[in-house]
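Since the structure comes first, as structure tokens, the remarks are kept for the end.
Note that the structure is a prediction, hence the values are computed from the model and not measured.
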Amino acid sequence: MDSSINVHIIPRLGSRKLNSVTPIVVERFLDELETDGVGRGNQVNIFRVLKAILRDAYGKGAMADDPVKGVQEPEYVREKAVIPSLAYVKKALQAADNFLALEIVMMVGCGLRNGEARAVNINNVVAGDVYRVHEQIHSNTHRPAKLKHRKAGEFRGVPLPRSVREAMERYEEKHGTTKGGYLLRGPSSYYTEPMEEMGCAGPVRRSTPHAVRGPVTLWGCA
């Protein structure tokens, strides 16, 4: 909720007086989200937060008219997951730079989400064969954040194949880590979603990071 308010709602609507927010303004707000490339799933979450705030104000008499009356919630149709072939993953690794390649290895080998793979940390290796996932690099704030669908401080442990652990160790030996143990980093100290797009060329550009997440047993990475 905080990221929806701070990243999207306040920058676009924060300068407006409450009574000036009408259904037309809300619809234009949604159009701006679409134009700026905000994913439909995020649009739905952002709209629900905004709707709750405005409906609360309206219910308490702070607004004369219902500011979201007739406004349609963004339509979100979840795309069917497609598991790429091992040949596709190898092609993606060949096209990727060293940073994106490690992210792909973490996604394929440990089943991590994009943001979780961006936050790969050498200190999260437990007992040599378990990787503890406890944060992600958020796609909007570009900062560490709690895991999706979990409370702050919660984590999960995933099997760490030897090949993945060795890839992490090779990367650490060549590139080092931050003081906090992060392997991937950028100018702001964190590896962000825009850097993913810069790290891959050719036919696998853009689609690569989001396509390769999968359980280790499917990839022969154990």
Side-chain angles (χ1 to χ4, degrees), residues 1-81 103 112-119 133-155 180 182 184-200 205-211 213:
M1 179 180 291
D2 288 344
S3 62
S4 295
I5 295 172
N6 296 329
V7 177
H8 298 288
I9 296 174
I10 290 178
R12 293 179 172 87
L13 299 175
S15 62
R16 283 185 168 273
K17 292 183 178 180
L18 200 56
N19 268 328
S20 72
V21 180
T22 65
I24 292 177
V25 171
V26 175
E27 287 176 346
R28 288 175 179 170
F29 169 80
L30 295 176
D31 289 340
E32 289 179 8
L33 294 180
E34 182 73 22
T35 301
D36 291 347
V38 178
R40 283 295 178 88
N42 283 336
Q43 288 183 35
V44 171
N45 293 333
I46 294 164
F47 174 71
R48 289 175 179 174
V49 171
L50 177 61
K51 182 178 179 180
I53 293 171
L54 295 176
R55 278 278 169 82
D56 182 64
Y58 173 63
K60 292 177 178 177
M63 307 181 76
D65 300 306
D66 185 350
V68 292
K69 183 177 181 180
V71 178
Q72 296 295 316
E73 181 174 290
E75 183 179 2
Y76 174 53
V77 179
R78 186 179 296 275
E79 295 181 2
K80 183 179 180 181
E103 180 184 351
L112 304 189
R113 294 182 172 90
N114 301 58
E116 296 168 352
R118 288 193 291 267
V133 190
H134 65 87
E135 65 180 352
Q136 62 168 319
I137 303 300
H138 199 282
S139 59
N140 292 328
T141 65
H142 300 166
R143 305 286 298 177
K146 69 178 183 65
L147 297 180
K148 191 174 183 180
H149 308 309
R150 290 180 183 263
K151 297 178 181 179
E154 291 185 342
F155 64 87
Y182 293 103
L184 299 175
R185 63 256 194 212
S188 64
S189 79
Y190 298 110
Y191 186 72
T192 63
E193 188 173 32
M195 294 181 67
E196 288 177 350
E197 298 181 7
M198 296 171 59
C200 192
R205 175 181 290 275
R206 295 184 65 84
S207 63
T208 299
H210 303 271
R213 183 187 175 203

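The side-chain heavy atoms of R55 and D66, taken from C-beta on, include a pair separated by under 4.5 Å. Between P74 and L30, the closest side-chain pair of non-hydrogen atoms falls below 4.5 Å. Counting only heavy atoms from C-beta outward, the side chains of V71 and F47 approach each other to under 4.5 Å. Counting heavy atoms from C-beta outward, R12 and D36 have side chains that approach closer than 4.5 Å. The shortest side-chain heavy-atom distance between Y190 and R118 does not fall under the 4.5 Å cut-off. With contacts defined as side-chain heavy-atom distances shorter than 4.5 Å, the pair V68/Y58 does not qualify. I137 is not listed as a side-chain neighbour of L184, based on a closest heavy-atom distance of 4.5 Å or more.
With values rounded to the nearest 0.5 angstrom, S4 atom OG is found 9.5 Å from L50 atom CG. Within the model, atoms NE2 of H8 and CZ of F29 stand 7.5 Å from one another, a figure rounded to the nearest 0.5 Å.
Heavy atoms from other residues, nucleotides or ligands lying under 6.0 Å from CZ of R28 number 12 at most. Under a cut-off of 6.0 angstrom, the local environment of CG in D65 is sparse, with at most 12 non-hydrogen atoms contributed by other residues, nucleotides or ligands. For I24, the CD1 atom sits in a loose shell: 12 or fewer heavy atoms of surrounding residues, nucleotides or ligands are nearer than 6.0 Å.
With salt bridges taken as basic N to acidic carboxylate O contacts below 4.0 Å, none links E154 and K151.
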Check step by step if side-chain contact (heavy atoms from CB on, under 4.5 Å) holds for E27 and Q72. CA-CA 8 Å; E27 287 176 346; Q72 296 295 316; over 6 Å; no

Is there a side-chain contact (heavy atoms from CB on, under 4.5 Å) between Q136 and N114 once you walk through the steps? CA-CA 8 Å; Q136 62 168 319; N114 301 58; over 6 Å; no

Under the side-chain contact (heavy atoms from CB on, under 4.5 Å) criterion, do V49 and I5 qualify, and how do the steps go? CA-CA 8 Å; V49 171; I5 295 172; 3.9 Å; yes

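By the side chain to side chain donor-acceptor pair (under 3.5 Å) test, H134 pairs with N124, sequence neighbours left out. For E73, the side chain to side chain donor-acceptor pair (under 3.5 Å) partners at least two apart in sequence or on another chain are R48.
Annotation for M63 and L54: closest pair SD-O, 4.0 Å, computed over non-hydrogen atoms. In terms of heavy atoms, L112 sits closest to E116 at CA-OE1, 3.6 Å. Nearest heavy atoms, E103 versus A117: CG-CB, 3.5 Å.
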